[in-house]
Amino acid sequence: WTGVKNILRYLNGTKDLGLFFQRKIDPSMIGYADAGYLSDPHNARSQTGFVFLHGGTAISWKSSKQTLVATSTNHFEIIALYEASRECVWLRRMINHIQQSCGIGSIEAPTIIYEDNVTCIVQMKTGYIKSNITKHIAPKLFYPHELQQNGEINILRIKSNDNYADLFTKSLPATTFQKYIHGIGICHLRDLQGSGGASS
């Protein structure tokens with residue numbers, strides 16, 4: 001019963017929440033990727049989470065249990081980054097198609113994907129090297145390295161407490177949760193009406 005009441009309180013408090021797309025803002029796309037270690041301890045599976053923002057507002061996100069049993073923190077972060085990179089490629093192609101169809105150019109600059117694991121970032125820059133540290137990791141998971149080489153993505157480090165993908169991988173304190181949902185463009189309708197704002 002306590003759980004049911006928590007759900008009802010959540011629904012009541014979020015019924016006027018929505019994504020707010022603003023006019024006259026930088027239209028570039030950026031992504032955030034993260035992983036939650038052993039979100040399913042019974043099956044030894046971790047959690048993949050990522051979110052992509054266009055013009056400061058979320059346009060694509062995912063939170064799912066990983067299909068592989070990761071053997072280290074580095075391993076499950078690489079899996080999450082691989083999933084985010086695949087989504088990034090699809091989003092870039094979709095946006096390019098729309099922009100070219102409307103005659104407004106195409107995406108030229110690489111899409112920035114923020115990741116908070118330093119080891120993962122370094123390995124994606126150097127590529128797959130078979131060693132005692134990485135020989136258990138499938139080479140296909142180093143796909144982001146190829147995308148970096150081709151200039152499609154650029155993986156940069158971000159502090160863990162600034163990584164919006166945490167929304168999709170773990171439970172968060174209320175203040176952090178509020179900070180993150182505001183960061184991905186979610187706000188209350190009543191706040192927009194009070195400030196006289198309007199979505200585009």
Side-chain angles (χ1 to χ4, degrees), residues 1-70 73 75-88 90-91 94-95 111-117 120 158-200:
W1 178 240
T2 301
V4 170
K5 288 194 291 184
N6 284 337
I7 293 172
L8 293 175
R9 276 195 292 267
Y10 175 80
L11 292 174
N12 186 57
T14 59
K15 61 186 178 183
D16 70 334
L17 274 178
L19 291 167
F20 178 54
F21 295 90
Q22 304 180 60
R23 297 188 182 98
K24 298 180 181 178
I25 197 165
D26 181 12
S28 60
M29 181 174 70
I30 58 173
Y32 297 83
D34 195 25
Y37 183 58
L38 285 185
S39 61
D40 182 3
H42 301 292
N43 293 315
R45 301 297 170 88
S46 298
Q47 192 82 4
T48 285
F50 62 74
V51 59
F52 285 91
L53 282 63
H54 195 275
T57 304
I59 58 169
S60 178
W61 56 88
K62 181 179 181 179
S63 178
S64 64
K65 186 165 62 175
Q66 294 180 353
T67 57
L68 301 175
V69 176
T73 54
H75 192 183
F76 71 72
E77 291 281 1
I78 287 176
I79 294 172
L81 188 55
Y82 165 75
E83 293 290 340
S85 298
R86 292 177 61 202
E87 180 72 4
C88 182
W90 182 83
L91 287 171
M94 179 64 69
I95 293 170
T111 300
I112 295 174
I113 300 179
Y114 289 109
E115 166 65 46
D116 57 20
N117 186 283
C120 176
I158 193 172
K159 293 179 181 178
S160 294
N161 57 2
D162 291 327
N163 192 344
Y164 296 146
D166 278 1
L167 276 169
F168 307 96
T169 59
K170 54 182 71 71
S171 298
L172 299 168
T175 53
T176 306
F177 179 77
Q178 291 295 332
K179 169 188 170 183
Y180 285 0
I181 64 170
H182 179 73
I184 65 172
I186 293 178
C187 56
H188 287 278
L189 181 60
R190 60 178 180 267
D191 295 334
L192 295 177
Q193 292 171 335
S195 62
S199 61
S200 56

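Nearest heavy atoms, Ser160 versus Asp166: O-OD2, 3.2 Å. Of all heavy-atom pairs spanning Cys88 and Ile113, the tightest one is CB-CD1, 4.2 Å. Closest non-hydrogen pair, Met29 versus Thr111, comes out as O-CG2, 3.4 Å. Glu77 and Asp116 get closest at one heavy-atom pair: OE2-OD1, 3.8 Å. A pairwise comparison of heavy atoms in Ala58 and Leu19 identifies O-CD1, 3.7 Å as the closest pair. Across all their heavy atoms, Phe20 and Cys187 have their closest contact at CB-SG, 3.5 Å.
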Take Leu172 and Lys179 through the test side chain to side chain contact (heavy atoms under 4.5 Å, CB included) and record every step on the way to the result.
CA-CA 10 Å; Leu172 299 168; Lys179 169 188 170 183; over 6 Å; no
The test is side chain to side chain contact (heavy atoms under 4.5 Å, CB included); show your working for Val51 and Leu167 and say whether it passes.
CA-CA 9 Å; Val51 59; Leu167 276 169; over 6 Å; no
Just do the side chain to side chain contact (heavy atoms under 4.5 Å, CB included) check on Leu53 and Ile184 with the steps written out, would you?
CA-CA 7 Å; Leu53 282 63; Ile184 65 172; 4.2 Å; yes
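The CD1 atom of Ile158 lies 13.5 Å from the CG atom of Asn117; values are rounded to the nearest 0.5 Å. To the nearest 0.5 angstrom, Ile181 atom CD1 is 9.0 Å from Thr14 atom OG1. From Phe50, atom CZ reaches atom CG of Asp34 across 12.5 Å, with rounding to the nearest 0.5 Å. Taking OG of Ser171 as the start and CZ of Phe177 as the end, the distance is 10.5 Å to the nearest 0.5 Å. Here the NZ-CG distance, from Lys65 to Asn43, works out to 5.0 Å after rounding to the nearest 0.5 Å. Separating the CD1 atom in Ile78 from the OG1 atom in Thr73 is a distance of 9.5 Å, to the nearest 0.5 Å.
Counting only N and O atoms by type, the side chains of Ser63 and Gln47 include a donor and acceptor under 3.5 Å apart. Under 3.5 Å, the side chains of Asn12 and Arg9 contain no donor-acceptor pair of N or O atoms.
With a 4.5 Å cut-off on side-chain heavy atoms, His54 and Leu91 do not count as touching.
Using a 4.0 Å cut-off between charged nitrogen and carboxylate oxygen, Glu87 and Lys62 do not count as a salt-bridge pair.
Note: Tyr180 and Tyr164 have perpendicular aromatic rings, judged against thresholds of 30 and 60 degrees for the angle between ring planes.
A side-chain donor-acceptor contact under 3.5 Å links Gln66 to the backbone of Phe76.
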